[in-house]
Q: 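Please read through the structure below; I'll follow up with questions.
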Amino acid sequence: MHASSTKSNQATVSAYASQDAVDPPDLDTSSRKWQVLKFGGTSVSSLERWQTIASTLRNRLDRGVRPFVVCSALSQVSNRLEALLAAAGEGEDVGSGIESLQKDHEALAADMGVDVEEHLGDTLEELRQVLEGIRLTREVTPRLRARVMSAGEMLSTKLGAAWLETQGIATSWQDARELLEAEIEPQVPPERQYLSATCHHAPDPDFQSRLADLDAEVVLTQGFVARLANGDTVLLGRGGSDTAAAYFATKLRAEHLEIWTDVPGMFTANPHSVHDARLLLHLGYAEAGELASKGAKVLHPRCIRAAQKYDVPIHVRCTPEPDLIGTVISRTAPSEPPQVKAVSERTGIVLVSMDVEGDWQGIGVIADIAACFKDHGLSIDLLASSQTNLTVALDPRANHLEQEVLEPVLADLAEVSEPRLIRPTATVSLVGTGIRAVLHQWATILDVFEDEDVYMVSQAANDLSLNFLVNESSADKLVRKIHDRLFNEESPAASFGPTWETLVAPEQKLAVRR
Ligand code: ADP
Ligand code: ASP
Ligand code: MG
């Protein structure tokens, strides 16, 4: 941390306390407006966090707000369900894995004073049966995968709704599959239709009145989960609870969407690896979307796109530090001169480098290659082209990139090129507004790549990012070095708030709460 300005940073930090406590109550309940509040995995995993959720909801109810709550599965549960699916698919017995999931939910339920058998018994039984079916057939279809994965959100929300009731908050638990319907995307493979679906989310007056008529103060449902028209369960992609929450917010025409997570906002880098990352106070939808799609997983990129489409502002809030105001993403973010606002990384990227034969200015080379990816339902993330080679980057967050998926693609590509896989690689990205106008800032960081293999440099056509494709093992170190060069506590941009370590330092927590 840069000692010189730590003091000024600390002096201003109390300015970042939320206004929740001081807003005057709106007692006219007929004018209640919806607010959608989404709580991520770590935000629903302990009694203490649920107490924060309850006090936040009481605060909103006192102010005349109608809260719509969206929850993730308990922390790590989705990863554990994925592991159980893999084991069952190999014919292994997964009884002890299910036991251990049950035990963890029982431990939280015991802290909350909620009866597990009464509230979670059916979901756990269904999970056992579906996994047993998979074990016997050794086949994990996308349809069954979606059903198993959805159990995590079912369990957390059933627990949470039962507990909120015991706290005197009248809560209507809703099955998200009754509320969100997936769009049918022609030509997409079943993996994407079942595991990374998108949903209809236009403002919907019928939906609004259906929910407004519920006899409850709070509506609570699952993120990540929706249904197909035929009733099958589908998922919105890993990290997709944010997107579900955005869909609900736009359908309800909510005042805003709050994403409650384990960090107090979007930062100039992942604050868990760069501790002096600065809080980004305001962002426009486009720059926030670019940052999310370049690896800031605090928000799912599709969540921002959905909110932007119907202009629902997003507030990123911190469940362990509920008094902090976080980041506001909206159409009305103050406009600022071109600048780099964040540095980000994504690992697990697969590069396909294709040598192409052809005449000077040959026609249709890119189209032929793009058609191969399209035919196999793969989306291309970044692309660099020349007369003799075309290289594309594929993101595992948007595609299944197992060898058995890639092999048929490579076979088709071999008809039109000489393809070669390069993996594992990572993107290191500078994200901001008017990236082309700040060439002089790029210059100050370029020597950090001196000893690195850089496979591709890609400047985003929307002028919001500059991306370097490097070896995966180098990405973390490069992000830190670049952040050190570009940001410090004196960085002047109006949208930069305090550093993460200042915001979460024990003495500052006291200052903020006074
Ligand atoms: P949740 O379970 O609440 O959805 P996630 O783990 O999906 O939370 O997202 C929060 C995480 O995003 C943080 O713990 C942080 O490590 C990571 N992250 C990555 N980049 C950024 C960034 N630029 N700003 C804030 N958080 C970031
Ligand atoms: N539980 C899901 C996941 O871990 C969805 C989410 O939390 O956003 O991917
Ligand atoms: Mg998340």
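Both counts, for ligands and for their atoms, begin at 1 and track the order of listing. Positions are given from 1, in the same order as the sequence printed here. All of these numbers come straight from a predicted model, not from anything done at the bench. All values below come from the heavy atoms of this structure, side chains included, with hydrogens, waters and symmetry mates left out.
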Q: Looking only at distances, please establish whether an N/O atom of ligand 1 is found under 3.5 Å from an N/O atom of Phe267.
A: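 Min N/O separation from ligand 1 is below 3.5 Å for Phe267.
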Q: Given Ala73, Cys71, Ser241, Ala244, identify the one with the heavy atom nearest to atom 8 (O) of ligand 2.
A: Ser241
Q: Decide whether an N or O pair under 3.5 Å exists between Lys38 and ligand 2.
A: no
Q: Compute the shortest N/O to N/O distance between Ser72 and ligand 1 and return yes if it is under 3.5 Å, no if not.
A: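 Among all N and O atoms of Ser72, none is under 3.5 Å from an N or O of ligand 1.
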Q: Counting only heavy atoms closer than 4.0 Å, does ligand 1 sit against the backbone of Lys297, its side chain, both, or neither?
A: both
Q: At a non-hydrogen distance cut-off of under 4.0 Å, which region of Glu345 contacts ligand 1 (side chain, backbone, both, or neither)?
A: neither
Q: Starting from atom 25 (C) of ligand 1, find the nearest protein heavy-atom neighbour and note its residue, name and distance.
A: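 Result for atom 25 (C) of ligand 1: Gly265 O, 3.3 Å.
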Q: Taking side chain as C-beta onward, heavy atoms only, is Tyr194 less than 4.5 Å from Thr233?
A: no
Q: Parallel under 30°, tilted from 30 to 60°, perpendicular over 60°: which one fits the rings of Phe68 and Phe207?
A: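 Tilted: the ring planes of Phe68 and Phe207 meet at 30° to 60°.
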Q: Under 4.0 Å between a Lys/Arg side-chain N and an Asp/Glu carboxylate O for Arg80 and Asp104?
A: yes
Q: What atoms in ligand 2 come closer than 4.0 Å to a heavy atom of Arg238?
A: 3 (C), 4 (O), 9 (O)
Q: When you compare the side chain of Ser78 with that of Met149, does any pair of heavy atoms fall below 4.5 Å?
A: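 A side-chain contact under 4.5 Å exists here.
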Q: May I ask you to identify the nearest protein heavy atom to atom 1 (P) of ligand 1, giving residue, atom name and distance to one decimal place in Å?
A: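 Of the protein heavy atoms, Thr261 OG1, 3.6 Å lies nearest.
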Q: Please confirm whether Met149 comes under 4.0 Å of ligand 2, counting heavy atoms of the residue only.
A: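 Met149 does not count as a contact of ligand 2 under the 4.0 Å cut-off.
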Q: Step through the shown structure and confirm whether more than 12 heavy atoms of other residues, nucleotides or ligands are within 6.0 Å of CZ on Arg331.
A: no
Q: If we only count heavy atoms from C-beta on, is the Val343 to Leu486 side-chain gap below 4.5 Å?
A: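 In short, these two side chains do not touch, never coming nearer than 4.5 Å.
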Q: Which protein non-hydrogen atom lies closest to atom 12 (O) of ligand 1, naming both residue and atom, and how far is it?
A: Val298 N, 3.3 Å
Q: Which residue holds the protein heavy atom closest to atom 21 (C) of ligand 1, what is that atom called, and what is the gap in Å?
A: Asn270 CA, 3.6 Å
Q: Side-chain donor-acceptor pair under 3.5 Å between Arg302 and Thr198, yes or no?
A: no
Q: Do the side chains of Lys294 and Leu430 get nearer than 4.5 Å, heavy atoms only?
A: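 SC-SC contact between Leu430 and Lys294 ruled out.
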Q: Is the ring pair His315/His256 parallel, tilted or perpendicular, if the boundaries are 30 and 60 degrees?
A: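 His315 and His256: parallel rings.
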Q: Test your reading of the model: is there a side-chain donor-acceptor pair from Tyr285 to the backbone of Val312, 3.5 Å cut-off?
A: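 Checking the backbone N and O of Val312 against the side chain of Tyr285, a donor-acceptor pair under 3.5 Å is found.
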Q: For atom CZ of Arg305, is the number of surrounding heavy atoms from other residues, nucleotides or ligands below 6.0 Å larger than 12?
A: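 No.
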Q: So if I count the atoms of ligand 2 from 1 in the order they appear, which ones are less than 4.0 Å from some heavy atom of Ser78?
A: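 Counting from 1, the qualifying ligand atoms are 1 (N), 2 (C), 3 (C), 4 (O).
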Q: Is the contact between Ala269 and ligand 1 made by the side chain, the backbone, both, or neither, using heavy atoms and a 4.0 Å cut-off?
A: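 The answer is the backbone of Ala269.
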Q: Give me the residue, atom name and distance of the protein heavy atom closest to atom 2 (O) of ligand 1.
A: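 The closest one turns out to be Gly41 N, 3.3 Å.
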Q: Under 6.0 Å from the CG atom of Asn462, do we count more than 12 heavy atoms belonging to anything else shown?
A: yes
Q: What protein heavy atom sits nearest atom 13 (C) of ligand 1, and how far off is it?
A: Asp262 OD1, 3.4 Å
Q: Is the shortest N/O to N/O distance between Thr42 and ligand 1 below 3.5 Å?
A: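 No; the residue has no nitrogen or oxygen that sits under 3.5 Å from a nitrogen or oxygen of the ligand.
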Q: Atom CZ of residue position Arg480 - does it have more than 12 heavy atoms of other residues, nucleotides or ligands inside 6.0 Å?
A: yes
Q: Examine Glu153 against ligand 2 and note whether any of their N/O atoms are separated by less than 3.5 Å.
A: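 Yes, there is a polar N/O contact under 3.5 Å.
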Q: Could you find the nearest protein heavy atom to atom 4 (O) of ligand 1 and give me its residue, atom name and distance?
A: Lys38 NZ, 3.0 Å
Q: Examine Gly239 against ligand 2 and note whether any of their N/O atoms are separated by less than 3.5 Å.
A: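 N/O-N/O distance under 3.5 Å: yes.
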Q: Going by heavy atoms, is Pro271 under 4.0 Å from ligand 1?
A: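 Judged by the 4.0 Å heavy-atom criterion, Pro271 does count as contacting ligand 1.
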Q: So if I count the atoms of ligand 2 from 1 in the order they appear, which ones are less than 4.0 Å from some heavy atom of Ser72?
A: 6 (C), 7 (O), 8 (O)
Q: Does ligand 2 have a heavy atom under 4.0 Å from the side chain of His300, from its backbone, from both, or from neither?
A: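 Neither part.
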Q: Is a donor on one side and an acceptor on the other found under 3.5 Å between the side chain of Asp242 and the backbone of His300?
A: yes
Q: Quick check: Asp242 and ligand 1, any N/O pair under 3.5 Å apart?
A: no
Q: Distance only, no hydrogens: is a donor on one side chain within 3.5 Å (strictly under) of an acceptor on the other, for Arg278 and Thr268?
A: no
Q: Should the proximity of Val263 to ligand 1, defined as any heavy atom under 4.0 Å, be assigned to the side chain, the backbone, both, or neither?
A: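 The side chain, only.
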Q: Yes or no: does Gly240 have any heavy atom under 4.0 Å from an atom of ligand 2?
A: yes
